[in-house]
Number of protein chains: 2
Amino acid sequence: MARSSRLPARLLGTRAVAPLPGRPGSRSTRQKRAVAAVLDSAGGFLSAQELFTRLRSQGEDIGLTTVYNRLRSLAEAGEVDAVRSDDGEVRYRRCDSSGHHHHLVCRRCGRTVEVEEASVERWADQVAAAHHFVEVSHTLEIVGVCPSCAC
Amino acid sequence: MARSSRLPARLLGTRAVAPLPGRPGSRSTRQKRAVAAVLDSAGGFLSAQELFTRLRSQGEDIGLTTVYNRLRSLAEAGEVDAVRSDDGEVRYRRCDSSGHHHHLVCRRCGRTVEVEEASVERWADQVAAAHHFVEVSHTLEIVGVCPSCAC
DNA sequence: CTGCATGCAAAATGTTTGCACTCTA
DNA sequence: TAGAGTGCAAACATTTTGCATGCAG
């Protein structure tokens, strides 16, 4: 009962040590390419369901299972970050690995702005250290309504 | 599709303008008392399912629906905090500090430390303002391994 | 008595799994 | 042609909802 784990919790958290894409035995398919493309163009966070809808609405013939499969592989490979949102969906974003950053998200249109602020990182690390926590990571998201959606 | 909300997202996030317990028309029942008791004695985070199991195993005759009902009421009243864990369950804990705060969570044993830091709040609001976002809220959680679990 | 509270049963969601089929390499 | 990849259908776990019944005030 306590043991649920619909998603191997290990996939979550923002740390990523990524093996390069194109590993042995990996095959290139239309679906893989499509998922990657949408993920790239989106920039921000996307849930599996959203991703699936976008693909379908742009005429791509792909199954929901495949989207989940792909997303899991990408997450395991460290090519996307996965965080669970408040409403229970897991949301993925292309991990540009160039630096740790957070997002300012519009709750209406989904527009996202990347935000970097070292002080927050430092603060989080300090807090953790003060309580002697190790292997620390953190998640932070600011949500609101963007100017275009405001009125 | 973006609109899922198995749990009205408004319950999450730590904003709480709490009406005092025992509001008008509120009745005291065995079940309510039982939930409150377990929640109190637990101290830390508890999922609805865990709470339910504990109640049952200690002989309490209560339904799962009631547990969920109660938890929702308590969350709306600001008497418990609700955070979604990595594995998808919402976990509740008796909320003692009345203000807005975040959590430092042990990813092994679930132990949590409440953290308050005005500067983070201010920073989040500033970032949002800079991009002209309104109706802003934010979520922040720091996860790591606590000293006892680090060994 | 009144209507808040309870809880069974059933629906809804997001995600995972079993497995037969498809296509890339 | 072997096996990685795909995707339908069905299973799952958590949470919500409909509704008839119960009980505190």
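Numbered from 1 within each chain, the chains take letters A, B, ... in sequence-line order.
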Please list, for nucleotides 5-9 of chain D, all pairs of protein and nucleotide N/O atoms separated by less than 3.5 Å.
{"residue": "D:dG5", "atom": "OP1", "partner": "A:Arg27", "partner atom": "N", "Å": "3.2"}
{"residue": "D:dG5", "atom": "OP1", "partner": "A:Lys32", "partner atom": "NZ", "Å": "2.5"}
{"residue": "D:dT6", "atom": "OP1", "partner": "A:Thr29", "partner atom": "OG1", "Å": "2.6"}
{"residue": "D:dT6", "atom": "O3'", "partner": "A:Gln31", "partner atom": "NE2", "Å": "3.0"}
{"residue": "D:dG7", "atom": "OP1", "partner": "A:Gln31", "partner atom": "NE2", "Å": "3.1"}
{"residue": "D:dG7", "atom": "OP1", "partner": "A:Asp61", "partner atom": "O", "Å": "3.4"}
{"residue": "D:dG7", "atom": "OP2", "partner": "A:Gly63", "partner atom": "N", "Å": "3.0"}
{"residue": "D:dG7", "atom": "OP2", "partner": "A:Thr66", "partner atom": "OG1", "Å": "2.5"}
{"residue": "D:dC8", "atom": "N4", "partner": "A:Thr65", "partner atom": "OG1", "Å": "3.0"}

In whole Å, what is the span from the CG atom of B:Leu71 to the P atom of C:dA5?
-> 15 Å
Taking C-beta and beyond as the side chain, do A:Leu71 and A:Phe52 meet within less than 4.5 Å on heavy atoms?
-> no
Report yes if at least one side-chain N or O of B:Arg72 is closer than 4.0 Å to OP1 or OP2 of D:dT17; otherwise report no.
-> yes
Do A:Pro147 and B:Phe133 come within less than 4.5 Å of each other through their side chains, counting heavy atoms only?
-> yes
Counting only side-chain N and O atoms of B:Tyr68, is one of them less than 4.0 Å from OP1 or OP2 of D:dT16?
-> no
Please step through side chain to side chain contact (heavy atoms under 4.5 Å, CB included) for the pair B:Val120 and B:Val115, ending with a clear verdict.
-> CA-CA 11 Å; B:Val120 176; B:Val115 173; over 6 Å; no
Length of the CG-P vector between B:Leu46 and D:dT14, whole Å | 13 Å
Rounded to the Å, how far apart are A:Leu51 CG and C:dG14 C1'?
-> 14 Å
Estimate the overall bend of the helix from C:dC1-D:dG25 to C:dA25-D:dT1 from the end axes over five pairs each, rounded to 10 degrees.
-> 20°
side-chain contact (heavy atoms from CB on, under 4.5 Å) with B:Ile62: which of B:Thr65, B:Thr66, B:Leu64?
-> B:Thr66
Atom CD of A:Glu89 and atom P of D:dT14: how far apart are they, to the nearest Å?
-> 18 Å
Would B:Arg30 and B:Glu60 pass as an ion pair if we require N to O under 4.0 Å?
-> yes
Whole-Å distance, B:Glu76 CD to C:dA5 P, equals 12 Å
Kindly indicate whether the side chain of A:Leu51, heavy atoms from C-beta on, has any atom under 4.5 Å from the side chain of A:Arg70.
-> no
